[in-house]
Amino acid sequence: MTPVSNTSFNIAMSHVSKIAEMGKNQQQIEGQIVMDLISAASAPAQSAAPQPIGNIGHNINTTA
């Protein structure tokens, strides 16, 4: 190999390495997003309002 082609080869390998690293990072980010979505979907549903205690509020006068 001549010095010029050796330099071109090293630059090309540097780019390939950087692209592979970026792809790996992107996959890790997407994997974490998927895990967050799965854990959010499996969380138990919470009721919107608390359940009443006793009879207060159950009898409503509608003849006002």
Pairs satisfying side-chain hydrogen bond (donor to acceptor under 3.5 Å, both in side chains), at least one member in residues 27-38, at least two apart: Q26-E30, Q32-D36
Remaining members of hydrophobic cluster (4.5 Å side-chain criterion), I29: I33, L37
Residues in side-chain contact (heavy atoms from CB on, under 4.5 Å) contact with I19, at least two apart in sequence or another chain: none
Residue list, side-chain contact (heavy atoms from CB on, under 4.5 Å) with E21, at least two apart or on another chain: K18, N25
Whether S14 side chain and N10 backbone form a donor-acceptor pair below 3.5 Å: no
